[in-house]
Amino acid sequence: MGAVNRLVVFCDAVGSGSLGMEAKKRMRKGLYGVFGEAFGSVGVRASGRVHQEDRGDGILAALDPATPPTLMVGRWLETLYQSLREHNAGTGERLRLRVGMNAGPVFDDGRGLVGRAVDLACRLCDSSTAKRVMTDAPDADLLLVVSEWLYANVVAEGGRYIEPEHYWSERVSAKETDERAWFHIPRLTGPPAARPSGPPGEDPLPHRTGGGPALGDGPPPPRAGTGTPSGPGPGPGSGPGPGSGTDTGSGAGSGGRQITAHGDFMYLENNVIHNFTGFRKDRAPRRADGSGGADDAGGSGAPGREAGERS
């Protein structure tokens, strides 16, 4: 008997290489459990209409030609997704799967399945693109990758549980394979947002430092007893320039000293420091009557550094 057109499914468990022996046993039990339930939902498990091979941390399967492919990208996929959710509920060891799916001539030589349809299903599942998508979607338990042919001839036609508008296409290059494939994460309407990357050991997310509140943060707190903002002060071209500041004193009703400055830090009020990088207390200006100066400013006759100044 020669090659027969079949729908091919190849599945791989994400992160299985880092598991110990006992964890691998639990992973495999869960994998066969959710696959068995999914195959049962389309009526192929009990009837023997599926050829299934063990791949250690994955499964290779080929469906009987009489099995409608719409069932596999519809009901089968939905059942697999729901089974994974139930399996992972309340467990510390999540089972996450990448699934490649293709169709074409497949030959069973008695030792296993061979054919380009098999090769491509495996490439789609194991591609760097598929692995990157799962990295970008850490909350996703299931990713389906289908070939261009399968999307155009089956998925795009729609049907029950089939959402062609929620698939997206990307190029897949692996070994001799270089073609477009279609990706789908159940319950997502498109590709996940790429996760920012940075040097090892650093937080990949951007940090906001200095410069005042960002849009949407709201105004800075009001000055004690005035109701006016105590933020960075007037915009460019008015008032003191960057790095200068104003000591508003410590009136009886203020509850503490408030220092407003322009530059890397915003304000200091009631011993609460906001966006602080450092400050210096200089000699206070002498008033016209001769009073004031360093003593009134709390100094000892010469400019000094506060304990919080960065040197």
Side-chain angles (χ1 to χ4, degrees), residues 2-12 14 35 38-39 41-44 49-52 58-82 84 97-108 113-134 136-137 140-194:
V4 177
N5 283 319
R6 290 181 155 191
L7 189 141
V8 180
V9 177
F10 182 77
C11 169
D12 186 71
V14 176
F35 252 61
F39 281 133
S41 72
V42 295
V44 300
R49 291 163 52 195
V50 57
H51 173 103
Q52 190 167 289
I59 293 174
L60 172 64
L63 281 296
D64 185 272
T67 304
T70 53
L71 285 180
M72 294 299 295
V73 296
R75 185 187 301 166
W76 182 88
L77 180 65
E78 176 66 17
T79 305
L80 182 64
Y81 168 72
Q82 295 294 350
L84 270 174
L97 302 178
R98 297 188 312 270
V99 176
M101 194 178 289
N102 185 32
V106 176
F107 179 68
D108 185 353
L113 304 175
V114 294
R116 187 176 184 278
V118 176
D119 296 340
L120 183 55
C122 296
R123 301 285 187 271
L124 297 178
C125 174
D126 285 337
S127 66
S128 59
T129 308
K131 293 177 181 179
R132 186 253 305 159
V133 168
M134 287 300 272
D136 291 343
D141 293 329
L142 178 62
L143 169 67
L144 174 67
V145 190
V146 302
S147 64
E148 171 76 1
W149 184 93
L150 193 62
Y151 178 85
N153 291 276
V154 180
V155 176
E157 295 296 321
R160 192 173 188 182
Y161 304 119
I162 304 175
E163 301 172 309
E165 68 277 8
H166 294 169
Y167 284 67
W168 74 94
S169 65
E170 296 195 36
R171 203 77 187 173
V172 170
S173 298
K175 295 187 177 180
E176 71 285 347
T177 299
D178 183 18
E179 58 184 84
R180 187 167 66 159
W182 291 81
F183 295 74
H184 176 55
I185 295 177
R187 302 305 186 270
L188 284 189
T189 58

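Note that these values count all heavy atoms, side chains included, but never hydrogens, waters or copies made by symmetry.
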_I'd like to know whether Val8 forms a side-chain contact (heavy atoms from CB on, under 4.5 Å) with Leu113, so could you lay out the CA-CA distance, the side-chain angles of the two residues, the decisive distance to 0.1 Å, and finally the verdict._
CA-CA 10 Å; Val8 180; Leu113 304 175; 5.7 Å; no
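- Minimum interatomic distance between Ser41 and Trp76 (heavy atoms only, all atoms of both residues): OG-CA, 4.0 Å.
- Nearest heavy-atom pair, Leu142 versus Leu77, reported as atom, atom and distance to 0.1 Å: CD2-CD1, 3.7 Å.
- One finds the CD atom of Glu78 at 13.5 Å from the CG atom of Leu71 (value rounded to the nearest 0.5 Å).
- Considering only heavy atoms from C-beta on, Val146 stays 4.5 Å or farther from Asn102 through its side chain.
- Side-chain atoms of Asp141 never come within 3.5 Å of backbone atoms of Leu84 as a donor-acceptor pair (strictly under, hydrogens ignored).
- The shortest non-hydrogen separation linking Phe39 to Met72 is CE2-CE, 4.0 Å.
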*Does the pair Val114 and Asp119 meet the rule for a side-chain contact (heavy atoms from CB on, under 4.5 Å), with working shown?*
CA-CA 8 Å; Val114 294; Asp119 296 340; over 6 Å; no
*asked:* What verdict does the side-chain contact (heavy atoms from CB on, under 4.5 Å) test give for His166 and Leu188, after you've listed the backbone C-alpha separation in whole Å, the side-chain angles of each residue and the deciding distance to 0.1 Å?
replied: CA-CA 7 Å; His166 294 169; Leu188 284 189; over 6 Å; no
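- Val4 has its side chain out of reach of Pro105: every pair of non-hydrogen atoms, C-beta onward, lies at least 4.5 Å apart.
- Within the 4.5 Å cutoff, side-chain heavy atoms of Phe183 are placed close to those of Leu143.
- By the 4.5 Å heavy-atom criterion applied to side chains, Met101 and Leu150 are counted as neighbours.
- Put simply, the side chain of Thr70 reaches to within 4.5 Å of the side chain of Ile162, judged on heavy atoms.
- Ring pair Tyr167/Tyr151: centre-to-centre distance below 6.0 Å.
- In this structure, the side chain of Thr129 engages the main chain of Arg171 through a donor-acceptor pair within 3.5 Å.
- Residues Ala152 and Glu157 share a closest heavy-atom pair of O-OE2, 4.5 Å.
- The structure places CG of Leu80 at 14.5 Å from CZ of Arg75, a figure rounded to the nearest 0.5 Å.
- The existence of a salt bridge linking Arg116 and Glu179 is confirmed by a sub-4.0 Å separation between a basic side-chain nitrogen and an acidic carboxylate oxygen.
- Under the 4.5 Å side-chain criterion, counting only non-hydrogen atoms from C-beta, Phe10 is not in contact with Ile59.
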*Using the salt bridge (Lys or Arg N to Asp or Glu O under 4.0 Å) rule, take Arg187 and Glu163 through it: C-alpha gap first, then chi angles, then the decisive distance, then the call.*
CA-CA 10 Å; Arg187 302 305 186 270; Glu163 301 172 309; 5.3 Å; no
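- Here the shortest heavy-atom pairing between Phe35 and Cys11 reads CZ-CB, 3.3 Å.
- A heavy-atom distance below 4.5 Å is not found between the side chains of Val145 and Val99.
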_Derivation and outcome, side-chain contact (heavy atoms from CB on, under 4.5 Å), residues Leu120 and Leu124_ = CA-CA 6 Å; Leu120 183 55; Leu124 297 178; 4.0 Å; yes
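- Heavy atoms only, all atoms of each residue included: Gly100 and Cys125 are closest at N-CB, 3.6 Å.
- Arg6 is listed as a side-chain neighbour of His51, based on a closest heavy-atom distance under 4.5 Å.
- A donor and an acceptor atom, one from each side chain of Arg49 and Thr67, are located under 3.5 Å apart.
- Using a cut-off of 4.0 Å between Lys/Arg side-chain N and Asp/Glu carboxylate O, Arg98 and Asp126 are scored as salt-bridged.
- Separation of atoms OH (Tyr81) and CD1 (Ile185) is listed at 10.5 Å; rounding is to 0.5 Å.
- A salt bridge links Arg132 with Glu170: at least one charged nitrogen is closer than 4.0 Å to a carboxylate oxygen.
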